[in-house]
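All values derive from a computational prediction rather than experimental measurement. One-based numbering, in listed order, for ligands and for the atoms of each.
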Amino acid sequence: MGTRKKVHAFVRVKPTDNFPHEMIRYGDDNKSIDILLKKDTRRGVVNNQQTDWSFKLDGVLHDASQDLVYETVAKDVVSQALDGYNGTIMCYGQTGAGKTYTMTGATENYKHRGILPRALQQVFRMIEERTTHAITVRVSYLEIYNESLFDLLSTLPYVGPSATPMTIVENPQGVFIKGLSVHLTSQEEDAFSLLFEGETNRVIASHTMNKNSSRSHCIFTIYVESHSRTLSDEKYITSKINLVDLAGSERLGKTGSEGRVLKEATYINKSLSFLEQAIIALGDQKRDHIPFRQCKLTHALKDSLGGNCNMVLVTNIYGEAAQLEETLSSLRFASRMKLVTTEPAINEKYDAERMVKNLEKELALLKQELAIHDSLANRTLVNYDPMDEVQIAEINSQVRRYLEGTLDEIDIINLRQIQEVFNQFRVVLSQQEQEIESALRRKYTLIDKNDFAAISAVQKAGLADVNGHLVGEPDGQGFGLGVIPFSFKPGKKIKSKKTFKDQLSIPVRKEGASSPLSTKELDISPSKTQLILPPRDGDVKDMRDRETSSTEPFPSDSPKEELRPPRPSTPPSKPVAFEDFKNERGSEINRIFKENKSILNERRKRASETTQRINAIKQEIDTTKEALNVQKALREKQGEYENKGLMIIDEEEFLLILKLKDLKKQYRAEYQDLRDLRAEIQYCQHLVDQCRHRLLTEFDIWYNESFFIPEDLQVALKSGCSIRPGMVPINRVVSLGEDDQDKFSQLQQTMLPEGPESVSFYNAKVKTEQKHNYLKAITGLQQVNKK
Ligand code: ADP
Ligand code: MG
């Protein structure tokens, strides 16, 4: 397999009584044949023509028995067909030279049977020997006459006449004849019957249809399919053996025929000459196109000539001087054929059904193996089946919770689940992308950066500069977000007042390129789009520039600086923000506040309980006093007893006195407790109030810092001042004095024409002014606080 092989070409010489030994000579090795012509031969060969020829072949079969011919010519080809190699054996030669005799043989004499029956015999014998394989054999018998296809086995009762003419069809598996009956034969005898049926039809057709059988090509094909009996082997091999009895190769000139015969001769020559052309092309290594489709014969044999098959040619010649010219012609064809190389290869196929069964078996085995591993690893109930919708939905929810932070980790169960987790990450990500984009679209007008028409429209409207950068775009280096002020027109005076809307532009941080919030991270819109804020009064161009920012005197990369997410476009409502604040920055104050409050409540509860108890005691004291008074009055009425100055009282009155004394003691103790509690309550109340105040103050500062105060100002001022930026009333932070504004716009008008390099200069100018104003505001505040 895979090695190139030459076509084997043999010559079979038809026995004759007058063999011209002086004209036809065989080589000693019986592999060459020389033709020698005398110049004065009556064939009229012109003097200056070549007179000697020598042909190298694979063997000369002279006086060879049918047996020997089969052994030499066909045995190996048939044998290899059972191993999956296609094989083709062709007989070529002039009419009467013995092609049919070689191929079919004398059907009436077993000893003289030809290659066809012998090949069938060999196939069935080999099948019997190959018990390891289930081999099926099919046969077909095709005749090509005048470029028409005939099925020589169509007369069989179960075939039935075909409605449409047969056609040659090519598919990836090879070439086949559509409409040609192919017959499954399980034993030698059936195969022989089919062969005889075909031979009979060949003869009958030549009579009834007035066909000259020597003008037709006959192709008997044996199809072999071999499956291993070992069930696990899903591979199987197929092959076919084409046994071709070609039409007579004699040339038109010689027959001298006219009319119908002439037409036939033309066809014969045509198809044989096309065969010869194909053979020449196959023999030429440089040719990549082989003209197979020029006629039915070569087309039908397309995958059986050259290519991946074993090919053998038998050239039948007369061993007679009178036929030398045709003999020469036939030998030339044979020597051309010998140049053709083929690369025989096994036709291996896969039995899909068997393959699926084997894979299912393998799968079941692996599942068992997994189950064993799971139980060894103490993992129970792990399911390896594909996920259903419910499971996928559960994973989606896990991923969402994980992203929100409500789920710490996603347990790993198996590979399928891991893959689904990744899958759901992708799903969630793309949903979020869409949500963000649609949120942006609701608020902004998005322009494709490549949409030049839209950009020029925006330019006309004064919303973008000539380079297509949006006016509010910080540096035009791929920043996707920019703020377009409503009032801005090129050359128009720019107000430097910073309003909340200013924060809508990307919050540019001091660190510039080294900022943890890099441009990329901030650019949440698709990189090709830009953002334009719907125009609003009072909006101001963002003058901050990353370059300038990096020259800020106060580096902000201090470790205390916490990473803050980009600001929202609108600040949340205070109640909402307060909830956030309590969970984040204000959490510690809030915790203390809540603690104090609960202590306060606890003390209040105790105080109220104590009060209740005091009231109860007081009531009891009153009733006891009353009872005692009753006793006293009774005693006075009955007359008092005095003993040595001591009042004599009865036991009942004595007990009441004792009780009253005890109650008063209790009363005093409880009252003391209540007083202590009240003091504690007062103290706690004070603490709670303080905490609440602190909480609200801190919240306000945080709220201002988070949503209103420009970040660069915050950072710039942080290290230099004890008062935090958020403490300053917002209206004082964000405004410049009228004088400053005027000064700035004057500066700008005079300096801006100097070019874009001057922008950083102006930015620095604005910042310094802002900072100055801010410090003034803070100093004022500190003085107010001192008073
Ligand atoms: P072809 O098919 O090439 O036209 P055939 O095979 O029909 O020629 O042969 C013509 C005649 O010659 C037949 O009667 C055949 O039996 C006989 N014949 C051809 N070759 C041999 C041979 N090698 N031995 C005996 N008879 C032969
Ligand atoms: Mg014949």
Does ligand 1 have an atom that lies less than 4.0 angstrom from a heavy atom of [X]?
X: G96; answer: yes
X: Q94; answer: yes
X: A97; answer: yes
X: H112; answer: no

Distance-only N or O hit between ligand 1 and [X], under 3.5 Å:
X: T95; value: no
X: G98; value: yes
X: T100; value: yes
X: P15; value: no
X: D245; value: no

[X] side chain to [Y] main-chain N or O, any donor-acceptor pair under 3.5 Å?
X: T342; Y: C309; answer: yes
X: S239; Y: G84; answer: no
X: S228; Y: T230; answer: yes
X: N310; Y: V77; answer: no

*Is the ring centre of H217 less than 6.0 Å from the ring centre of Y92?*
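Ring centres of Y92 and H217 not closer than 6.0 Å.
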*Among T102, D63, N316, T72, side-chain hydrogen bond (donor to acceptor under 3.5 Å, both in side chains) partner for R12*: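 The option that passes is T102.
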*asked:* Give me the nearest non-hydrogen protein atom to atom 18 (N) of ligand 1 as residue plus atom name, then the distance to 0.1 Å.
replied: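 For this ligand atom, the closest protein heavy atom is K14 CE, 3.8 Å.
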*Who's the nearest protein heavy-atom neighbour of atom 6 (O) of ligand 1, and how far?*
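For this ligand atom, the closest protein heavy atom is Y101 N, 2.7 Å.
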*Exceeds 12 heavy-atom contacts within 6.0 angstrom, atom CD of E189*: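 Check fails, neighbour count at 12 or below.
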*With a 4.0 Å cut-off, strictly under, does atom 14 (O) of ligand 1 pick up any protein heavy atom?*
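When distances to the protein are checked, atom 14 (O) of ligand 1 has no heavy atom within 4.0 Å.
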*Any protein heavy atom under 4.0 Å from atom 22 (C) of ligand 1?*
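At least one protein heavy atom is under 4.0 Å away.
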*Would one find an N, O or S atom of T95, in either backbone or side chain, under 2.8 Å from the Mg ion (ligand 2)?*
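No, T95 does not qualify, because none of its backbone or side-chain N, O or S atoms lies under 2.8 Å.
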*Relative to the ring of H21, is the ring of F19 parallel (under 30°), tilted (30 to 60°) or perpendicular (over 60°)?*
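Ring orientation, 0 to 90° scale: perpendicular.
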*Hey, can you tell me if Y101 and H112 have their rings parallel, tilted or perpendicular (30° and 60° cut-offs)?*
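Tilted.
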*Counting heavy atoms only, which part of K99 comes closer than 4.0 Å to ligand 1: side chain, backbone, both or neither?*
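Both backbone and side chain.
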*Between A106 and ligand 1, which part of the residue brings a heavy atom under 4.0 Å of the ligand: side chain, backbone, both or neither?*
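For A106, no heavy atom sits under 4.0 Å from ligand 1.
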*asked:* Whether the D245 and T100 side chains hold a donor-acceptor pair (N or O, under 3.5 Å, no angle test) is what I'd like checked.
replied: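 Note: D245 and T100 side chains meet the donor-acceptor criterion.
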